[in-house]
Amino acid sequence: MCIAVPMRVEEVSEDGIARCRVGEGETFVTASVALLEEAPAPGDYVIVHAGFALRRLEPSDAEETLRLLREMLACARPEDWA
């Protein structure tokens with residue numbers, strides 16, 4: 001099962017590779033923006049799968065999704081993760 005986590009675009013290089021922040025930490029992934037109709041700008045949110053940004057998200061949708069994921073994590077019990 002895959003969970004699509006909104007990622008915040010920090011920068012996009014001239015060759016179409018975005019550096020995206022995962023959550024609020026210091027974890028980053030790189031993703032091609034070749035599948036998007038329009039390249040995202042820093043501050044935009046995208047959904048990334050298999051190294052490609054698949055879709056841009058409205059900031060309010062991304063923030064709501066991240067809030068819900070944090071809420072779910074807070075309710076999870078470690079024994080459920082096995």
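Placement of V5 and M72 within a single hydrophobic cluster is found when ILVMFWY residues are connected by side-chain heavy-atom separations under 4.5 Å, directly or transitively.
Partners of E58 by side-chain contact (heavy atoms from CB on, under 4.5 Å), not counting sequence neighbours, listed by chain and number: S60, D61. Scanning for side-chain contact (heavy atoms from CB on, under 4.5 Å) contacts around I47 gives A4, P6, L57, with sequence neighbours left out. Take E71 and apply the salt bridge (Lys or Arg N to Asp or Glu O under 4.0 Å) test, not counting sequence neighbours, and it matches R67. By the salt bridge (Lys or Arg N to Asp or Glu O under 4.0 Å) test, E37 pairs with no residue at all, sequence neighbours left out. For E11, the side-chain contact (heavy atoms from CB on, under 4.5 Å) test picks out R19, with sequence neighbours left out. Take E26 and apply the side-chain contact (heavy atoms from CB on, under 4.5 Å) test, not counting sequence neighbours, and it matches R21, F28.
Hydrophobic cluster membership of V48, counting Ile, Leu, Val, Met, Phe, Trp and Tyr whose side-chain heavy atoms lie under 4.5 Å apart directly or via other members: M7, V9, V12, V22, V29, V33, L36, V46. In the hydrophobic clustering, L54 connects to L35, F52, either directly or through intervening members, whenever side-chain heavy atoms lie under 4.5 Å apart. Other residues sharing the hydrophobic cluster of I17, ordered by chain and number and joined by side-chain separations under 4.5 Å: none, the residue standing alone.
Among residues at least two apart or in separate chains, side chain to side chain donor-acceptor pair (under 3.5 Å) pairs with a member in residues 41-50 are D44-R56.
For the atom pair E10 CD and T30 OG1, the distance stands at 13.5 Å (nearest 0.5 Å).
With respect to the salt-bridge test (charged N to carboxylate O, under 4.0 angstrom), the residues R8 and E24 do not qualify.
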